[in-house]
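In what follows, a structure is listed as structure tokens, so that the remarks can point back to it.
Keep in mind that the numbers below use all heavy atoms, side chains included, and drop hydrogens, waters and symmetry copies. Both counts, for ligands and for their atoms, begin at 1 and track the order of listing.
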Amino acid sequence: MAYDPDNIFAKILRGEIPCNKVHEDDYTLAFHDIGPQAPVHVLVIPKGAYVSMNDFTANARDVEIGAFFRAVGKVAEMVGVTEDGWRMIANTGANGGQEVPHLHVHICGGRKLGRMIPQQ
Ligand code: AMP
């Protein structure tokens with residue numbers, strides 16, 4: 001899947017629409033999810049144009065990948081979920097329920113999160 005530069009997170013990265021920022025460094029941006037599914041729900045995205053985790057791990061430079069995962073851990077600390085526990089989610093593609101085609105991981109916490117995957 002080709003990267004769509006008009007996706008909503010690309011617009012946030014270009015400053016065309018606002019976000020509630022938690023953290024930013026040279027390679028990553030983290031901001032509160034607009035529709036939180038848990039008391040703490042933050043998204044971490046790379047600044048590079050990557051559709052998905054597969055695209056990112058195949059094509060990003062090591063420095064981008066390292067910065068991204070360090071940012072995930074740092075942001076989880078910043079938002080105060082590490083002591084009680086939290087969940088990192090990377091919805092990928094159609095079956096994964098990915099809605100925004102720019103790689104993002106969800107950091108969710110602040111309560112017990114229940115089953116990892118709902119039973120059908
Ligand atoms: P996913 O289903 O994994 O692609 O998740 C996309 C997430 O992006 C959802 O949890 C949305 O609530 C969130 N989202 C969509 N638009 C925005 C926005 N403008 N600012 C913050 N979060 C957003």
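Ligand 1 places these atoms under 4.0 Å from at least one heavy atom of E99: 1 (P), 2 (O), 4 (O). Proximity to H32 (heavy-atom distance under 4.0 Å) selects the following atoms of ligand 1: 21 (C). With ligand atoms numbered from 1 in the order given, ligand 1 contributes 1 (P), 3 (O), 4 (O), 5 (O), 6 (C) to contacts under 4.0 Å with heavy atoms of H104. The contact set between ligand 1 and G35, taken as ligand atoms under 4.0 Å from a residue heavy atom, comprises 12 (O). The distance from ligand 1 to the heavy atoms of N91 drops below 4.0 Å at these ligand atoms: 1 (P), 2 (O), 3 (O).
Distances between N or O atoms of Q98 and those of ligand 1 include no value under 3.5 Å. Taking distance alone, with nitrogen or oxygen atoms compared against 3.5 Å, H106 approaches ligand 1 more closely than that limit. Ligand 1 has no nitrogen or oxygen under 3.5 angstrom from a nitrogen or oxygen of P18. Geometrically, ligand 1 and I8 share no nitrogen or oxygen pair separated by less than 3.5 Å. Close N/O approach between V100 and ligand 1 is found [any backbone or side-chain N/O within under 3.5 Å].
The closest protein non-hydrogen atom to atom 2 (O) of ligand 1 is G97 O, 3.1 Å. Among protein heavy atoms, the minimum distance from atom 8 (O) of ligand 1 is reached at F9 CZ, 3.4 Å. Residue, atom and distance of the protein heavy atom nearest to atom 7 (C) of ligand 1 are D33 OD2, 3.5 Å.
Nearest heavy atom pair, residue C108 against residue H41, reads SG-CD2, 3.8 Å. Across every non-hydrogen atom of D55 and V51, the tightest pair is OD2-N, 2.8 Å. Smallest separation of non-hydrogen atoms from Y3 and A10: OH-CB, 3.4 Å. Closest non-hydrogen pair, E77 versus T82, comes out as OE1-OG1, 3.3 Å.
Aromatic ring centroids of F9 and Y50 lie 6.0 Å or more apart. Aromatic rings from H106 and H104 are positioned such that their centres are separated by under 6.0 Å.
Under 4.0 Å is where a charged nitrogen must lie from a carboxylate oxygen, and between K47 and E24 at least one such pair does.
With a 4.0 Å heavy-atom cut-off, ligand 1 is reached by no atom of Q37. Of the heavy atoms in I89, none comes closer than 4.0 Å to ligand 1.
Compare I34, I45, N7 by their heavy atoms: the one nearest to atom 22 (N) of ligand 1 is in I34.
Y27 and F56 fall into different hydrophobic clusters, where Ile, Leu, Val, Met, Phe, Trp and Tyr side chains are chained together by heavy-atom contacts under 4.5 Å.
None of T28, V105, V42 except one satisfies the side chain to side chain contact (heavy atoms under 4.5 Å, CB included) rule with V72; the exception is V105.
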side-chain contact (heavy atoms from CB on, under 4.5 Å) assessment of V44 paired with I107: CA-CA 8 Å; V44 184; I107 293 174; 3.7 Å; yes
